[in-house]
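In the text below, chain A, chain B and the rest are named by the order of the sequence lines, each starting its count at 1.
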Amino acid sequence: MTTNYITDRHGIRRYMVTIEVNGIEYTRVIKANVLLVNFLRDELDLTGTKKGCELGDCGSCTVLLNDRPVNSCLILAIECDGMKVTSIEGLAETESLDIIQQKFVEFGAVQCGYCTAGMIMSAKALLMKNPKPTEGEVRAGISGNLCRCTGYINIIKAIMAASGQEAAI
Amino acid sequence: MNEEEGIVYSKENHLYDHIRFAGQRPTQIGVSKPRIDGVPKVTGAGKYTGDLKFPNMLYGKLLGSPHAHAKILSIDTSEAEKIPGVMKVITAKDVPDLKYGISPARWDENVLCIDKARFVGDKVAAVACVDEETCYKALKAIKVEYEVLPAALDYHTAMEDGQPQVHDEYPNNINTEIHHKFGDPDKAFAEAEYTRTDICEGHRTYSSPIEPHSAISIWKDGKLTVYCSSQSVHYFQYYIAREFGLKMGDVHVISPLVGGGFGQKLEPTGLEFCGAVLSKLTGRPVKMFYDRYEMFQHNRGRHQGHYEVSSAWKKDGTMQAVKVNFITDGGAYTSLGIATAYYAGGLLPLTYVFDHFQFDLLRMYTNLPACGAQRGHGAPQPKYAFESHLDNVAMDLGIDPLELRKKNVRKPYTTTCNGLQIQTCRLGEAFEKLGEMTDWDKKRKPGHLPKGRGIGIGSGSFVTGAGYPIYRNDWPSSSAMIRVNEDGTAATLYTQAVDIGQGAYTVLCQEAAEAMGYCYENMKIVAGDTEVAPLDFGAYASRLTATCGWACKRAGEEIKAKILETAGFMLHLPPEDLICVDGVISSVSRPKVKPLTFSEVAKKYFIIKGPLVGTGVYTVPRLGGYHKGAPVATSICYSFCTQAAEVEVDEETGEVAVLQAWDVHDAGTVINPALMQGQVHGAFAMGFSETVSEQVLFDDKGKIINGDFGGYRVITALDVPSFTNALIPSSDEPSTPWGLKEIGEGSNNPTMGAVRNAIFQATGVSCEKLPMSYENIWRAIQKKKAADAAKK
């Protein structure tokens, strides 16, 4: 956590943080109470990361922090100083879509799309750690991400397909 | 209802003929085309209202009442106004006092509370500040002096004399009262060989779209622009204009991507109304939003109810008459609840045939958040009570529950006793198919399934678009315009229809492309916008694929006619000799003539005549009977479905696992199979989640105690059971384009009943109370054990 701060005339501290987001280093001066999700959305205009509950319950704001999935609404941006964040905008390394994104479109795993970014980031974290998960492991891997549209079935199928497998459901 | 009245459709779908006679099968529909908004959604590029920013934009929040029922004695905003960054604080005196709601007789809600607050969270004041953080400081600094009043919290007793009055204008807290009688139910009951009555208790649920409501209002130079999470930009435009005395043309409503609606985003909220006032007073754009707890408080979700169901039968299992008596909890305001009330009983006669029907209902005002339209509008809980009741009847009469349903199933081309006109209906075939898929006969044999296991069934039916608009008007329900680009390489579909996730934009583009003889891949869409697109009522009542589909089809056919005329000129052939499929125009009589492409013909058209535009409009024909409330539950077309669930119950703990669920749908022609599947999955899952887990809970002061996803438990990927769905294919429904039917809402009709009936077979325990949580099942098991012991 950064200790590098300035104090404004009301006595409020503002901290300088440097966070690598999607491969680019950003340095910003922010208040201590800025959440990582708001840092991404407001400071960097990366609005692909969504806020659904701001309590860590829905998983819509899931991003990868040093390659681990986290609810970015539960983390202060100043805690991420010097860390690496991957958001949905940085998932695909080239102009084409990541395989998970492709399969989400192909399998009808997207409806309203509001949970999609978080869902895909959780899936990405799972497949990075476990390239051939079982259906049960896929279900568990996205169990922190709520979806009200799809009933999860096509999402599970899409993630299984992204890992080169077929889901039995 | 007189049988000779109403629309008469021929049993053949002539609208399908030109395709059939041309020997052409549809190419753009019936195919799982990828979603038109798929890539923007998986890359995070797509913008929802909350993602938008405007220069100089302020942030706004609403102040909610901490009391369920309280007189507002005074509001002191002076301290709040002194906080740096607070730009404006408004109370009732700053906003119009015109009440709003669904219909003139039920306009009961104010932009900000004037005299009193009627539920915890009722809107009392609003602020606009430079940032979100300052908003919360400002809200805390507003001093409201309340005189706390006794609150009416229990809808069962809210009608009793001496109960607190929620609205002075509605004595005994009765918001809506329905007394329908069709045929002669009293006589039928008196003469019946067998009758039975059951009572079920529903529960409050809330669909909880993952995107919380947001609205950005920009009131500038006499014009109001509102970006909002809206299922119906037209309805928002109408009510916002009405509230502020603006011309509709000066109110521009835009619905960007919407993160789920399910009915809760169908009506404007304090966010739009207060945001507009704050923008006008500050001269700046104002973004307002609900947090998750405020979403639960704003609510407008499912009504809970007390459902008494009686029926009269012949001993051979012929259903003769039904009487239902419901009391529902409407909460503090009408919202869309008057429609919900009529739907609750109005939809019941669809799935089974009976000639005599009595439907009584009281929708009560209580000092709780207002209830409104939620997926399956009004139907799922009454259907749960009715399907539970049917299994009790089946047991009494010694008839298999599936057989009982088959025996009384709705027949095609019939009119229900309450005047709903049905064309095609394949519920009977769906029952047959479900029986085969589930191995029903075997599993229902006593002793076949292991102890604690059971299988149950339910059925459902839903409107394919409501017969009448949600507020009284003369507009056609849908219109659309297609403009082909000057070089013919793309075509844009314009309509006010809204995609809330169900896939409307994709499906409408497929329908337009099919009618044009064009390719879906070249379609663009501009929709959900009142200023650039022609009227459509929006996403509710599972209407868009059918009603807006008609408009798109007609607009597309106009384009095709123009293309064929131009191509005929170019080829020296009569247009009647030409067909246009997949963007290629060829001659039927002279197959050797080199085909033309759509784009070259469209380009030629533009050069000669200017913009190539087609328009289409669709007006729902007059439907239904003449009794009060007859418009609700009418539709041009009904879908039918049935579901079964197989469960395993642990009788020690009440734990229930749904091992497998099945759905069979009479859904007519399917436009996009993948999206159709997604709708069935989603509706089933939402229904299943409501069945086993969800419930909004309150403390004894009317405050929500589980207004977050930690306490209000919606199912996760770990909880959704194995699910199989099948169709009874058909294309002969005459009232809809290509013979399609709704798919988005019917599928959560049968779920509660199917699960209840499975538990009933597994344990003999009747779950008369929702949700069928472990605790409620355990309590029901204990109750039965005690009753069995008492019998001995």
Is the shortest side-chain N to carboxylate O distance from [X] to [Y] below 4.0 Å?
X	Y	result
Asp57(A)	Arg292(B)	no
Glu106(A)	Lys33(B)	no
Lys51(A)	Asp291(B)	no
Arg139(A)	Asp719(B)	no

Sort [X] into side chain, backbone, both or neither according to what part of it lies under 4.5 angstrom from a heavy atom of chain B.
X	value
Tyr152(A)	side chain
Leu146(A)	both
Thr150(A)	backbone

Margin query: If we count only N and O atoms by modelled type, under 3.5 Å, do the side chains of Asn38(A) and Glu132(B) hold a donor and an acceptor together?
Written below: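 There is no such pair between these side chains.
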Checklist line | Check: Ser207(B) main-chain N/O paired with Arg148(A) side-chain donor or acceptor under 3.5 Å | finding: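 Looks like yes, one N/O pair under 3.5 Å.
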Next item on the list: Side chain from CB out, backbone as N, CA, C, O: work out which of these in Ile500(B) comes under 4.5 Å of a heavy atom of chain A, or both, or neither.
Entry: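 When you check distances to chain A, only backbone atoms of Ile500(B) fall under 4.5 Å.
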Note to self: Can you tell me which portion of Val714(B) sits under 4.5 Å from chain A's heavy atoms? Options are side chain, backbone, both or neither.
What the structure shows: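 Answer is both: backbone and side chain atoms of Val714(B) are under 4.5 Å from chain A.
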Check: In terms of heavy-atom pairs under 4.5 Å, which option from Glu54(A), Gln101(A), Met119(A) contacts chain B the most?
Finding: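 The candidate making the most pairs under 4.5 Å is Gln101(A).
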Note to self: Any non-hydrogen side-chain atom of Gln111(A) less than 4.5 Å from a side-chain atom of Lys41(B)?
What the structure shows: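 Counting from C-beta outward, Gln111(A) and Lys41(B) never come under 4.5 Å.
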